[in-house]
Amino acid sequence: MRGYGPSVPDRLKLTALVLRAVDYGESDRIVTLLTHERGKVSAFARAARASRRRFGGALEPFTLVAAEARERAGSDMLGLDSVAVLRAHGAIRGDLARIACAGYASELARELVRDHEPHAELLALLLEYLGALDAAPARPAALRAFELGALRAAGLMPRLDACASCGGPVPAQGRVRFDPAQGGTLCPACAPQAAPGAPWLSAGAAAALARLQAAGLGGAEAALSPAIGREARDALAAFIEHHLGRRLAARRFLDEIGPLLGD
Amino acid sequence: MAVADPIARLVKELARLPGIGEKTAQRLAFHILKAGPAYAGELAGAIAGVVRDVRLCSGCQTLTDKDPCAVCADPRRDPRVICVVEGVPDLLAIERTHEFRGRYHVLHGALSPLDGIGPSELKIRELLVRLEREPADEIVVATNPDVEGEATALYLSKLLKPLGVKVSRIAQGIPMGGDLEYADQVTLARALAGRREL
């Protein structure tokens, strides 16, 4: 029988990765979660800072949690009731390079998806990358493979094995034009149509990126040489910046501390 | 707004403060109006005074109206031990313990990979300049035990250890009077990882 009192919102059970946590007011927090069930959502964690018993350290970025939440009337934001840690990825917090890479990967994932649209492939990829960072030191090749995988999951995969404009072959030697606006590498005939400022890549760097794209995160075992690593990093940064319309904050952080980390 | 212009102006200014919405700003404005001219004068004087008189200590970068600040000027404080904190409230919290007899350095923030806050936005360069001028034996990093605080501690460690200075980190884990049963997994795991021999 339907009751007459105010309706009680349904309790939601979510498997959620904490992407970001921002302090709000005296003691609350607003967290951005990438959930299996509802995609990217924001959730309000009342008294998260005042009571260590309520959420403890579970709302720190990179933590995978089982969350209980409810819809809030008149708001897109969920109300977070409780969380239990499924995987803390604690080793990431003990290494500056791992923190920087995990922060960058989390921000990229956050910016590539819209709210409330489930992205199981991207969530799985981010968890795989955070798992790798939890188990071993950060490697540039793995971060490039994550970027390529995240772009693929978001429907923005750059074309690296052929010309993005005509489909023709790209040179196996010398230099290749990489145009984010046209979606990837260009053959010599299409290169003059590239947008002004589109970067040039050595054929070696283009081939390395194509290999990483084909092999995925699990196949990103081989290290990139420093020169090819820098080219690949800058080309993907330009591609991501073109499609997002801005440079990611975490990219700026990586650029600033990179020399200290040997990147 | 259907109120006198001076009230509307005050509400608008108060609503620019962090955490203050339109309704709270209105409530505060009417409270100030009701409290009378003496209180309004004291409040205005206090606001003007804090902006006019408070500056950063040239030694530790804390907020002070005298340079050097009281801690840096105190000859009983050990200049060879420096406790690095994110903000002035953290300095005050440590002072309340009456346990620390060294000096401080306030970073005015923490590294934040997710917000793009890098070393150049903190008072890290000032710390290096200070260490050149007044070498220390130990730097105690007392940043918060969150991702930003850990990133800051790790960065300082990489930066300062090559200078031959000991870099230590405040302990993390179960709070005094806490209950293991109610501790969250992350805190408990950190407490176990940081266990020490008795």
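We name chains A, B, ... by the order of the sequence lines, and we start the count at 1 in each one. Nothing here was measured: the structure is a model prediction, and the numbers come from that model.
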**Message:** Does any backbone or side-chain atom of Tyr104(A) lie under 4.5 Å from a heavy atom of chain B? Answer side chain, backbone, both or neither.
**Reply:** neither
**Request:** Examine whether an atom of Ile92(A) lies under 4.5 Å from a heavy atom of chain B, and if so say whether it belongs to the side chain, the backbone or both; otherwise answer neither.
**Result:** neither
Over all atoms of both residues, closest heavy-atom pair of [X] and [Y]:
X: Gly118(B); Y: Glu256(A); value: CA-OE1, 3.2 Å
X: Val186(B); Y: Ala88(A); value: CG2-CB, 4.0 Å
X: Leu154(B); Y: Leu96(A); value: CD1-N, 3.5 Å
X: Phe55(A); Y: Asp184(B); value: O-CB, 4.4 Å

Surrounding [atom1] of [X] (heavy atoms of other residues, nucleotides or ligands, distance under 6.0 Å), is the total greater than 12?
X: Arg246(A); atom1: CZ; answer: yes
X: Arg46(A); atom1: CZ; answer: no
X: Asp76(A); atom1: CG; answer: no
X: His36(A); atom1: NE2; answer: no
X: Phe100(B); atom1: CZ; answer: yes
X: Arg247(A); atom1: CZ; answer: yes

**Fill in**
Greatest number of non-hydrogen atom pairs under 4.5 angstrom with chain B, of Val22(A), Val85(A), Val83(A), falls to Val85(A)
**Prompt:** Which members of residues 120-152 of chain B, sorted by number, sit under 4.5 angstrom from chain A on a heavy-atom basis?
**Reply:** Ser120(B), Asp146(B), Val147(B), Glu150(B), Ala151(B)
**Request:** Report, by ascending residue number, the residues of residues 108-116 of chain B in heavy-atom contact with chain A at a distance under 4.5 Å; give 'none' if the set is empty.
**Result:** Leu111(B), Ser112(B), Pro113(B), Leu114(B), Asp115(B), Gly116(B)
